[in-house]
2 protein chains.
Amino acid sequence: MTIPDDALTILRTRSLSGVLEREIEKAILGGEIPPGKRVNENHLAIRFGTSRGPVREALRALEGLGLVELVPNRGVFIRQPAVEEAIEIYDVRTVLFGLAGKLLAERVSEAEVARLRDYLEQMEAAARHRDFDRYYPLNLAFHEFIIDACGNGTLAAQYRGLVKKLHLFRARSLVQGGGLEVSNSEHREMVEAIAARDPERAQCAHSDHVARAKARLLAAYRKAEAPPSRLTS
Amino acid sequence: MTIPDDALTILRTRSLSGVLEREIEKAILGGEIPPGKRVNENHLAIRFGTSRGPVREALRALEGLGLVELVPNRGVFIRQPAVEEAIEIYDVRTVLFGLAGKLLAERVSEAEVARLRDYLEQMEAAARHRDFDRYYPLNLAFHEFIIDACGNGTLAAQYRGLVKKLHLFRARSLVQGGGLEVSNSEHREMVEAIAARDPERAQCAHSDHVARAKARLLAAYRKAEAPPSRLTS
DNA sequence: AAATTGCAAACTGTTGACAGTTTTCCATTA
DNA sequence: TAATGGAAAACTGTCAACAGTTTGCAATTT
């Protein structure tokens, strides 16, 4: 690359269609426009006070991220991942997060280890008090930190894209309630492996963590799907 | 997804900006527009007989694929990955291809095993005759087949995106010459592991294959970079 | 009453034009 | 001759309008 990443990000944000891309993405991920629904170019253009050109450009960019689907002459629709796709995403996330753990274990600094331990402590405190509102953002930041600190920007970009897509999966919310302590014991093993600078162990700990999250999601999903009609199963 | 993938692909290709996206991508990956160079929207519009609108949409889509870079008020530039990024990509490819091998080993059919063995045989024949022109497309098809047959479309999409990005790495050509037999013994182990329906072994064989390809590329790169000025190293 | 056909409104796809910025080139000056 | 400054050309960013398609509605028919 000729241009540094951060400078580029700033510049991209300044461009109109760049801003639109982020705003529309926010509207989609925030659930303002529900999955499956058609997006109206005109409404968006009016809402943001621009013409339809930049809106269309932004939507084409979001298509590349897999958040919307373009159907010729009918418009763009918010994507609605089926369970099968959610499983696919979790499988890919599993190996990506495993790689992040491995790479981080190879290069982690003392300061970063301290930071990880701090996250862990705060999460454990929140879990003990069953304070989910505090736990959730901490959990998010903890994972983000690992993805960023591993030093592989390509991995980070891909991982973030997958997480965004998962936000469109309707059953995602199912898993949020359960397993605060379970999840945290996995976090502890991850941090220990990183602190020990053991890449292989870290890779296992990290990929296992996501694999178990997948299992928890699927269990919750099947539980929510099956009971209404037991005869069909 | 509400709409089947293949139908959507056909429809997308019919839309003008969809066609443009593919054509421009072809021009970029074919080396017609060299990395680092600016793309002229007007020239492209004239060349394809359209206005600039669809061209801009296509370019925004290509930005999402990581093939071009948008710089406000200056235009889009063909990306030029540095060695560091190539390494990042190889590391991600390593785990993705490993996952493909694992998934394939879990679900492979007899017909698919036969097809893999066929590829292997043809590649070995080509390698014995040092017929690189025959070996290269076979090698490509072999890898494509594995990626497709593993049954994870998300993985396939991500993997293909990474391979496209690698095409923009100038030193990519360095590695093409060497290691036909070496590479093929790795292929044999991959196929054997899949045929044995051993997911773990297949995962190792597949990720090792890419990891070794990375090592070969880096070795060739350092060899090509270092000698001209030994004092600077 | 249900289904069907035709019309009108809404929306997408594309275009050409205009405003603002960047780049290039040439004339001027040290 | 090299450097500098400025004007013109080129190009990007954005917009408004038009053509073609889809969708929704109402009248008509069975």
Side-chain angles (χ1 to χ4, degrees), chain A residues 2-4 7-25 27-28 32-64 67-79, chain B residues 2-4 7-25 27-28 32-64 67-79:
Chain A
T2 345
I3 296 152
L8 206 152
T9 306
I10 293 164
L11 286 167
R12 272 195 58 211
T13 311
R14 294 226 185 284
S15 100
L16 184 48
S17 50
V19 177
L20 282 181
E21 183 185 335
R22 281 160 210 281
E23 287 301 317
I24 297 173
E25 180 186 304
I28 293 171
E32 195 180 322
I33 314 172
K37 205 185 168 190
R38 209 190 90 243
V39 179
N40 190 315
E41 292 179 3
N42 240 327
H43 293 354
L44 285 177
I46 292 167
R47 169 174 169 178
F48 294 111
T50 70
S51 69
R52 279 172 50 221
V55 172
R56 284 179 64 88
E57 286 180 28
L59 290 174
R60 283 302 298 255
L62 290 176
E63 188 204 9
L67 296 185
V68 302
E69 205 155 344
L70 259 79
V71 182
N73 288 323
R74 292 197 50 210
V76 307
F77 294 78
I78 310 295
R79 284 206 56 196
Chain B
T2 344
I3 295 151
L8 207 153
T9 307
I10 293 165
L11 287 168
R12 272 195 58 213
T13 311
R14 295 226 183 284
S15 100
L16 185 48
S17 50
V19 177
L20 282 180
E21 183 186 335
R22 282 160 209 282
E23 287 300 317
I24 297 172
E25 180 187 303
I28 293 171
E32 195 180 320
I33 314 172
K37 204 184 170 191
R38 209 191 89 245
V39 179
N40 190 313
E41 292 178 4
N42 241 326
H43 293 354
L44 285 178
I46 292 167
R47 168 173 169 179
F48 294 111
T50 69
S51 68
R52 276 173 51 222
V55 171
R56 283 178 64 89
E57 286 180 29
L59 290 173
R60 283 303 298 257
L62 290 176
E63 188 204 9
L67 297 185
V68 303
E69 207 154 343
L70 259 78
V71 183
N73 288 324
R74 292 198 49 210
V76 307
F77 294 78
I78 309 295
R79 284 205 56 195

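Per chain, numbering begins at 1; letters A, B, ... match sequence-line order.
- B:R60 has a carboxylate O that lies under 4.0 Å from a charged side-chain N of A:E21, or vice versa, which qualifies the two as a salt bridge.
- In this structure, the CG atom of B:L44 is 13 Å from the C1' atom of D:dT12, given to the nearest Å.
- Counting heavy atoms from C-beta on, the side chains of A:E63 and A:V76 never come closer than 4.5 Å.
- Counting non-hydrogen atoms under 4.0 angstrom, B:G75 reaches the backbone sugars and phosphates but no base.
- Between the P atom of C:dG13 and the CZ atom of B:R60 lies a distance of 17 Å, rounded to the nearest Å.
- Distances shorter than 4.0 Å separate some side-chain N or O of A:R74 from OP1 or OP2 on D:dT23.
- Here the P atom of nucleotide D:dT14 and the CG atom of A:L16 are 4 Å apart, to the nearest Å.
- Residue A:R52 places none of its side-chain N or O atoms closer than 4.0 Å to OP1 or OP2 of C:dG13.
- When all heavy atoms of B:A58 and B:S17 are compared, the closest pair comes out as CB-O, 3.7 Å.
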Please determine whether side chain to side chain contact (heavy atoms under 4.5 Å, CB included) holds for the pair A:F48 and A:I24, giving the CA-CA distance in whole Å, both sets of side-chain angles, and the decisive distance to 0.1 Å.
CA-CA 10 Å; A:F48 294 111; A:I24 297 173; 4.1 Å; yes
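- Atom CD in B:E41 sits about 12 Å away from atom C1' in D:dA10, given to the nearest Å.
- Taking side-chain N and O atoms only, A:R56 has a distance below 4.0 Å to OP1 or OP2 of C:dG13.
- The CG-P distance, from B:N42 to C:dA17, rounds to 12 Å in whole Å.
- A close approach under 4.0 Å does occur between a side-chain nitrogen or oxygen of A:N40 and OP1 or OP2 of C:dT12.
- A:N73 has its CG atom 6 Å from the C1' atom of C:dT12, to the nearest Å.
- The nearest whole Å value for the distance from the CZ atom in B:R38 to the P atom in D:dA10 is 12 Å.
- Contact annotation for B:V39: backbone-only contact, meaning every heavy-atom pair under 4.0 Å involves sugar-phosphate atoms and none involves a base.
- The distance from atom CD of A:E57 to atom C1' of D:dG13 is 8 Å, rounded to the nearest whole Å.
- The line from CG of B:L70 to CZ of B:R79 is 12.0 Å long, rounded to the nearest 0.5 Å.
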